[in-house]
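On a predicted model such as this, the values are computed, not experimentally measured, just so you know.
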Amino acid sequence: MGATLMFALCLDPGKLTGVCFFEQDEGNDPAIIDSLELNQKDTYQYIEKIFTDYKNKELKVICEDFIISQRTAQMKTSDTRFSLEIIGAVRYFCLKHKKPLVLQTPATMKKFFHTWSLKDFNMWTKGGEGHKRDAARHGVFYLLQSGKWDPPMNHTAKGDYENLERMFN
């Protein structure tokens, strides 16, 4: 039986949405297909294109969650509106196309990446305001946490690989 090819659409929703779309053969390193920062209209069009083009493929959707708290309730409503609208659209597309949606809190991902860098996992891309890298971080965290990727030690230029393994076991 051959390796399973999976595609992951990772999103950091906001007024400027970070997108990281990658493929991964089971047991191999993920390979970035797209790393983008898009406005709301372009985000919807991109998501629709991915769901159409990859409808018969294994597609995982990983999206940063937006939880309304006292702190977030005090943010500018226009900023929070974009995040909530995009998460709603992502949820709709996932339900319509019967694809799984994984929501991750920013705190969970940032806690992990306090020690590690995307460069440690060969998932760094240049340019932009950082939103596409946040989307990539969500994807890396999902792969590691779900056990879908066990990066070789040479990916961990910083930190201790045993700590990485303990974090998820």
Quick one: does N39's side chain have a donor or acceptor within less than 3.5 Å of a partner on D42's backbone? yes

Could you pull out the closest heavy-atom pair between I87 and C63, with the gap in Å? CG1-SG, 4.0 Å

When you compare the side chain of L118 with that of F113, does any pair of heavy atoms fall below 4.5 Å? yes

Only one of L36, L38, L16, V90 passes side-chain contact (heavy atoms from CB on, under 4.5 Å) with T43; say which it is. L38

Side chains of F82 and T17: closer than 4.5 Å at any heavy-atom pair? no

Main-chain N/O of K148 paired to Q24 side chain as donor or acceptor, under 3.5 Å: yes

I want to know whether F21 and Y54 have ring centres closer than 6.0 Å. yes

For a side chain to side chain contact (heavy atoms under 4.5 Å, CB included) check, start with the C-alpha distance between I32 and C20, then their side-chain angles and the critical distance, and finish with the verdict. CA-CA 7 Å; I32 294 175; C20 181; 4.2 Å; yes

Measure the shortest side-chain to side-chain distance between L101 and F93 over non-hydrogen atoms and say whether it is less than 4.5 angstrom. no

Do any N or O atoms from the side chain of E23 and from the backbone of A31 form a donor-acceptor pair under 3.5 angstrom? no

Side chains of I62 and F141, heavy atoms from C-beta outward: is any pair under 4.5 Å? no

F121 vs D29, test: side chain to side chain contact (heavy atoms under 4.5 Å, CB included). Steps then yes/no. CA-CA 9 Å; F121 301 101; D29 292 346; over 6 Å; no

Heavy-atom closest pair (F22 atom, C10 atom, distance to 0.1 Å) is CE2-SG, 3.5 Å

Heavy atoms of G130 and E37 approach each other most closely as N-OE2, 2.9 Å

Considering non-hydrogen atoms only, spot the tightest contact between E129 and R133 and give its length. C-NH2, 4.3 Å

So K60 and Y142, do their side chains get closer than 4.5 Å, heavy atoms only? yes

Side-chain heavy-atom pair K15, Q40 within 4.5 angstrom cut-off: no

K132 backbone acceptor or donor facing R137 side chain under 3.5 Å: no

Got a second to check how far H97's NE2 is from N56's CG, nearest 0.5 Å? 11.5 Å

Could you give me the CA-CA distance, side-chain angles and deciding distance for K57 and L5, then say whether side chain to side chain contact (heavy atoms under 4.5 Å, CB included) is met? CA-CA 8 Å; K57 307 285 185 188; L5 182 62; 5.8 Å; no

Does a side-chain heavy-atom distance below 4.5 Å link Y46 with L9? yes

Without hydrogens or angle criteria, can the side chains of E64 and Q104 be said to hold a donor-acceptor pair below 3.5 Å? no

Nearest heavy-atom approach of L59 to P100 is O-CD, 3.5 Å

Looking at every non-hydrogen atom in both residues, tell me the closest pair between L11 and H138 and how far apart they are. O-CD2, 4.4 Å

Trace of the side chain to side chain contact (heavy atoms under 4.5 Å, CB included) decision for D25 with M6: CA-CA 6 Å; D25 279 318; M6 177 197 70; over 6 Å; no

Check: V61 and V102 side chains under 4.5 Å, non-hydrogen atoms: no

Looking only at side chains, do T80 and S83 share a donor and an acceptor under 3.5 Å apart? no

Can you check side-chain hydrogen bond (donor to acceptor under 3.5 Å, both in side chains) on E48 and Y44, steps first, answer last? CA-CA 6 Å; E48 186 172 39; Y44 294 148; over 6 Å; no

